[in-house]
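Sequence lines set the chain letters: A, B, ... in the order given, protein chains first and strands last, and positions in each chain run from 1.
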Protein chains: 2
Amino acid sequence: MIGGEDGIARWRSVADGIRGMIAEAGGALERLPVEAELAARFGVNRHTVRRAIAALAAEGLLRAERGRGTFVAARPPRLSYPVGPRTRFSENVARAARRPGGRLIRADLVPADAALAGLLDLRPGAPLHRLETLSVADGVPLSVGTGWFPAERFPAIVAAYAETGSITLALKAHGIEDYRRRETRVTAERLSPADAELLASPPDGLALVSHGVDVDLGGCPIQANRTRAHADRVELVFDHAPPPREAG
Amino acid sequence: MIGGEDGIARWRSVADGIRGMIAEAGGALERLPVEAELAARFGVNRHTVRRAIAALAAEGLLRAERGRGTFVAARPPRLSYPVGPRTRFSENVARAARRPGGRLIRADLVPADAALAGLLDLRPGAPLHRLETLSVADGVPLSVGTGWFPAERFPAIVAAYAETGSITLALKAHGIEDYRRRETRVTAERLSPADAELLASPPDGLALVSHGVDVDLGGCPIQANRTRAHADRVELVFDHAPPPREAG
DNA sequence: AGTTATTTGTTCGTATGTATC
DNA sequence: CGATACATACGAACAAATAAC
């Protein structure tokens, strides 16, 4: 069964109608009329309105709250998150914020699979400390990160992180004075239910996923990392500094 | 109304059940039983099964095709998309593919708003050529890009791009021999309906959105750019090249 | 604090449209 | 063309969260 005159489903027309209402109001419309009234206004069943609202909510335009109403999503500006050779996820991350912080969610010892072994220059099966951490700024959770560290080289990394709340300091306790980011790969995914929970996000939120490998000054890998940043709250900024003229 | 014993909605249990079926089959399950059979198997109404399938499809796990069936989505590996100072979106982009290509979707003349004027070092209201382009590799659309060019400096950019299919060549026709990417900001969003259409994607797909500004060798901005890459098909790779040893 | 009204969320039922096989 | 299978649409009822009294 397809909608009124043309071959367009009715819920799509309703969705476009709602889009129009929002555009017409020009920012003045905070809350949508209730579903029953929209259904009456568009001359369709309440389910059809709900289908339209679901589509717009999936787009990020609306946010429906049970018992309260349906609201036009007004998103605050994202926090800029610089990424470069000197990226320190748990630290520089939220330096712009007044109260940055990190928290250890979980830590365990896992064997390296083929992919991790390749990234870290280890044999498959080598023991790795896996740390799951949450980074928070001004009380708002920004990202969940999983870091893998060679357990033989960094035997006390978990305790050091738990004590200092900083990867950089925990590495320093193992003799790493400085390190560099080698490469960052960025993708986008939907938040997993577990990550949505940690990030205090509705389950339909998006994650900016970045994979990276940090190396010591000798080029030896010391950490593989997978960070899921809340896409509504964070933007990644890559500064492509011009190459030094002298080096040609 | 909430499902059977605990406070979990039935469609969530059904979704978990389907997840289980897929996991249990371990890759051997290509096609799901039809909705009516799933409804019977889980003891719920067909609508409840459809709600569960919709959720899993939104997660990217399933793909429903009208008239054919519901299938477990097997996603091909993402194409790596290097981003750096010498990024040429319409070109390097898909060099890894056998048949890269670009297509002009739309072009028009727009006045610079405050944000664009700031990025491009122009006065607000200055005329800009806006080009909407689609980049394709091996027949698969990868990304939609919108580029803004100062119209006074690049009066014939639209014709030049339409003729050559390349931003770099179109700029060369205006005397730009080389240019650099200054900065890239990356976020994630849901695909807009229009972009989903262009990218031949289901409407619930995700976009990796990158904003960038290109400057000529004198540092003068020549292009502002907003690219929406299909998150399932593309990953952005940022290579944080080590500082050249020779230069100290 | 407790009760009621409002509003979105879930579930079932039924029927029909439309694409595929 | 008929059968199959997903998509759309309407109707009815109740659940659960919130807000108002």
So, is A:T70 near the phosphate of C:dT8, with a side-chain N or O under 4.0 Å from OP1 or OP2? yes

For nucleotides 19-21 of chain C, list the nitrogen or oxygen atoms of the protein found under 3.5 Å from its nitrogen or oxygen atoms, one pair per line.
from, atom 1, to, atom 2, distance (Å)
C:dC21, OP1, B:R68, NH1, 2.5

What nucleotide, of C:dT7, D:dA9, C:dT11, holds the atom closest to the side chain of B:W11? C:dT11

Tell me what B:R63 touches on the nucleic acid: a base, only sugar-phosphate, or nothing, going by heavy atoms under 4.0 Å. nothing

Who are the ring pair (Phe, Tyr, Trp, His ring centres under 6.0 Å) partners of B:F238, not counting sequence neighbours? A:F238

Kindly write out the residues that satisfy salt bridge (Lys or Arg N to Asp or Glu O under 4.0 Å) with B:E65, not counting sequence neighbours, or none if the list is empty. B:R63, B:R68

Tell me every residue that passes side-chain hydrogen bond (donor to acceptor under 3.5 Å, both in side chains) with B:R103, counting only those two or more places apart in sequence or in another chain. none

note: A:I8, atom CD1; C:dG17, atom P; distance rounded to Å ~ 18 Å

Go through C:dT11, C:dT7, D:dA5 for me and flag the one nearest to the B:R10 side chain. C:dT11

Can you sort out the partners of A:E37 under salt bridge (Lys or Arg N to Asp or Glu O under 4.0 Å), two or more places apart, ordered by chain and number? A:R41

Assess whether a salt bridge exists between B:E132 and B:R106, defined as any Lys/Arg side-chain N lying under 4.0 Å from an Asp/Glu carboxylate O. yes

Among residues at least two apart in sequence or on other chains, which ones pass salt bridge (Lys or Arg N to Asp or Glu O under 4.0 Å) with A:R12? none

Residues that B:A55 engages under side-chain contact (heavy atoms from CB on, under 4.5 Å), provided they are two or more places apart: B:W11, B:R51

Let's see if you get this right: which residues in residues 33-50 of chain B place a heavy atom under 4.0 Å from DNA chain C? B:V44, B:N45, B:H47, B:T48

What pairs with B:E35 under salt bridge (Lys or Arg N to Asp or Glu O under 4.0 Å), at least two apart in sequence or on another chain? B:R46, B:R50

Rounded distance (Å) that lies between atom P of C:dT8 and atom CZ of A:R51: 18 Å

Any base atoms under 4.0 Å from A:R12, or only sugar-phosphate, or nothing? Heavy atoms, all strands. nothing

